[in-house]
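For reference, the structure is listed below as structure tokens.
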Amino acid sequence: MPAHWLIKSEPSVYPFSQLMQDGRTRWDGVRNFEARNNLRAMKAGDLCLYYHSVEDKAVVGVAEVVRPAYHDPTARKGEDWSVVDLKPLKPFAAPVPLADIKATRALSKLALLRRPRLSVTPVSAADFKLLLKMGRTTST
DNA sequence: GCCAACGTTGGC
DNA sequence: GCCAACGTTGGC
């Protein structure tokens, strides 16, 4: 059973469409201890909801972890940060806006709502499934 | 080890 | 563009 996560990116920095074009990317630049620890808990095959912060404020797709955590080559010398490699899986047929997530009682425990500044958060299997459904994206 | 100051994030 | 929230840093 793969675990589920939600990762955030500002679309002006690295949108999901760019991940689609690239086919694969190194998820670098995470500089928060808790987010880093979440990255380190990821396994190949885990599924990540891709959330666009700031400009879109919507979940826009699903990505898959293709390489588990390794040292972030963009970290300053001596600093201990991690990255994973991701590939795009599916764009949402209907992006799910933050406002809809907030309006959905069943999602009230979602870490995105409770820890809005954390860039890598775990998602329960049930919440993941519901968000896929809200995004009208059936299979991964 | 506490806590004030600072920087960053991200919703509004 | 503003500002609240919060993680991090550094002086004491």
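Lettering follows sequence order; numbering is per chain, from 1.
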- Considering only heavy atoms, which members of residues 8-19 of chain A lie under 4.0 Å from some atom of DNA chain C?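 Per residue number, the list is empty: none.
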- Task: For DNA chain C, determine which residues of residues 98-111 of chain A have any heavy atom closer than 4.0 angstrom to one of its atoms, and list them numerically.
- Result: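 Hits under 4.0 Å, by residue number: none.
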- Message: A:Val54: which residues meet the side-chain contact (heavy atoms from CB on, under 4.5 Å) condition with it, sequence neighbours left out?
- Response: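 Only A:Glu10 meet the side-chain contact (heavy atoms from CB on, under 4.5 Å) criterion with A:Val54.
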- Who are the side-chain contact (heavy atoms from CB on, under 4.5 Å) partners of A:Pro15, not counting sequence neighbours?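 Partners of A:Pro15 by the side-chain contact (heavy atoms from CB on, under 4.5 Å) criterion, ordered by chain and then number, come out as A:Pro11, A:Ser17, A:Gln18, A:His52.
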- Item | salt bridge (Lys or Arg N to Asp or Glu O under 4.0 Å) involving A:Arg40 - partner list, sequence neighbours excluded |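 By the salt bridge (Lys or Arg N to Asp or Glu O under 4.0 Å) rule, A:Arg40 matches A:Asp80.
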- Task: Kindly assign one of parallel, tilted or perpendicular to the pair A:Phe16 and A:Tyr50, based on the angle between their ring planes and the thresholds 30° and 60°.
- Result: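 Perpendicular, since the angle between the ring planes exceeds 60°.
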- Query: So which pairs with a foot in residues 116-129 of chain A pass side-chain hydrogen bond (donor to acceptor under 3.5 Å, both in side chains), sequence neighbours left out?
  - Reply: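 Sorted result for residues 116-129 of chain A: A:Ser124-A:Asp127.
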- Write out all pairs satisfying side-chain hydrogen bond (donor to acceptor under 3.5 Å, both in side chains) with one or both partners inside residues 97-113 of chain A, taking only residues at least two apart or from two chains.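 Every pair satisfying side-chain hydrogen bond (donor to acceptor under 3.5 Å, both in side chains) with a residue in residues 97-113 of chain A: there are none.
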- Query: Quick one: ring-ring contact (aromatic ring centres under 6.0 Å, His included) partners of A:Trp5, sequence neighbours excluded?
  - Reply: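 A:Trp5 satisfies ring-ring contact (aromatic ring centres under 6.0 Å, His included) with no residue once adjacent residues are dropped.
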- Does A:Tyr51 put a side-chain nitrogen or oxygen below 4.0 Å from OP1 or OP2 of B:dT9?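 For B:dT9, neither OP1 nor OP2 has a side-chain N or O of A:Tyr51 closer than 4.0 Å.
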- Message: I'd like to check the side-chain hydrogen bond (donor to acceptor under 3.5 Å, both in side chains) partners of A:Ser12; sequence neighbours left out, ordered by chain and number.
- Response: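 In terms of side-chain hydrogen bond (donor to acceptor under 3.5 Å, both in side chains), with neighbours along the sequence ignored, A:Ser12 is linked to A:Glu55.
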- Item | Pairs flagged by ring pair (Phe, Tyr, Trp, His ring centres under 6.0 Å) wherever residues 105-126 of chain A is involved - sequence neighbours left out |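 Ring pair (Phe, Tyr, Trp, His ring centres under 6.0 Å) check on residues 105-126 of chain A returns no pairs.
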- Query: According to the ring pair (Phe, Tyr, Trp, His ring centres under 6.0 Å) rule, which pairs have a member within residues 56-93 of chain A, sequence neighbours left out?
  - Reply: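 For residues 56-93 of chain A, and leaving out neighbouring residues, the ring pair (Phe, Tyr, Trp, His ring centres under 6.0 Å) pairs sorted by first residue read A:Phe33-A:Trp81.
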- Under 4.0 Å protein heavy-atom contacts per nucleotide of nucleotides 2-8 of chain B, with B for base, S for backbone only and - for none: -----BB
